[in-house]
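Here is the structure we will look at.
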Amino acid sequence: MDEETVERIREVVRAIPPGETSSYGEVAARAGLPGRARLVGRILAEDGHDLPWHRVLRADGTCAPQVAREQSARLRAEGVLLEDGRLPRPRR
DNA sequence: ATCTTGACCCTCT
DNA sequence: AAGAGGGCCAAGA
């Protein structure tokens, strides 16, 4: 992968404020890479350790199964509550 | 070079 | 609500 692209993605993730969340697809789009959600997931999986990766959920508001426990714990610690394993649906 | 595997996502049954 | 089917594309085997 182009290191430049990777850095743009990392930067977008770093910009998600505590207590807020985003999604893989949204991060990709904000990094100027629409349709490349998988790339975001892959990057967080291999070197997301120094990033707030726990603020990135799937498009439907659920956690990626691999990290669901750790992620929900970290979110809870920041005041983000998951109802029934998912983010409460935004109303209108 | 080809095939498979994913921290994904969307549209249409 | 739940599947199927496609799209996406970097890595590894």
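Just so we're on the same page: letters track the sequence lines, and every chain starts at 1. Please read these numbers as outputs of a predicted model, since none were measured by experiment.
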Return the value, rounded to whole Å, for the distance between atom [atom1] of [X] and atom [atom2] of [N].
X: A:Leu33; N: C:dA10; atom1: CG; atom2: C1'; answer: 13 Å
X: A:Glu70; N: B:dA7; atom1: CD; atom2: P; answer: 16 Å
X: A:Asp84; N: C:dA1; atom1: CG; atom2: P; answer: 10 Å
X: A:Ile9; N: C:dA10; atom1: CD1; atom2: C1'; answer: 11 Å
X: A:Ile16; N: B:dA7; atom1: CD1; atom2: P; answer: 18 Å
X: A:Asp47; N: C:dA11; atom1: CG; atom2: C1'; answer: 14 Å
X: A:His54; N: B:dA7; atom1: NE2; atom2: P; answer: 19 Å
X: A:Glu46; N: B:dG6; atom1: CD; atom2: P; answer: 14 Å

Check your understanding: Do the side chain of A:Gln71 and the main chain of A:His54 share a donor and acceptor less than 3.5 angstrom apart?
Key -> yes
**Study point:** Exam field: side chain A:Arg8 to backbone A:Ala31, donor-acceptor pair closer than 3.5 Å
**Key:** yes
**Study point:** Basic-acidic side-chain contact under 4.0 Å: A:Arg10, A:Glu7
**Key:** yes
Review point. Hey, is A:Glu78 close enough to A:Arg74 for a salt bridge, meaning N to O under 4.0 Å?
Key: no
**Study point:** Side chain to side chain, A:Asp60 and A:Leu87, heavy atoms closer than 4.5 Å
**Key:** no
Practice item. Taking the side chain as every heavy atom from C-beta outward, state whether A:Pro52 and A:Glu20 have any atom pair closer than 4.5 Å. Key: no
Review point. Transitively linked via ILVMFWY side-chain contacts under 4.5 Å: A:Val12 with A:Tyr24?
Key: yes
Nearest to the [X] side chain among [options], which nucleotide is it?
X: A:Val67; options: C:dA10, B:dC10, B:dA7; value: B:dA7
X: A:Ala64; options: C:dA10, B:dC9, B:dA7; value: B:dA7
X: A:Ala37; options: B:dA7, C:dA10, B:dC8; value: B:dC8

Please tell me if [X] has a side-chain N or O lying less than 4.0 Å from either OP1 or OP2 of [N].
X: A:Arg36; N: C:dA10; answer: yes
X: A:Arg58; N: B:dC8; answer: yes
X: A:Arg38; N: B:dA7; answer: no

Review point. Is DNA chain C part of any stem, that is, at least 3 consecutive Watson-Crick or G-U pairs with both distances under 3.5 Å, and where?
Key: B:2-6 with C:9-13, B:8-13 with C:2-7
Check your understanding: What interatomic distance, in whole Å, is found between P of B:dA7 and the corresponding atom of C:dG6?
Key -> 23 Å
Review point. How far does the P atom of B:dA1 sit from the matching atom of C:dA10, given to the nearest Å?
Key: 15 Å
Review point. When we call it a touch if two heavy atoms are under 4.0 Å apart, what does A:Ala45 touch: a base, just sugar-phosphate, or nothing?
Key: base
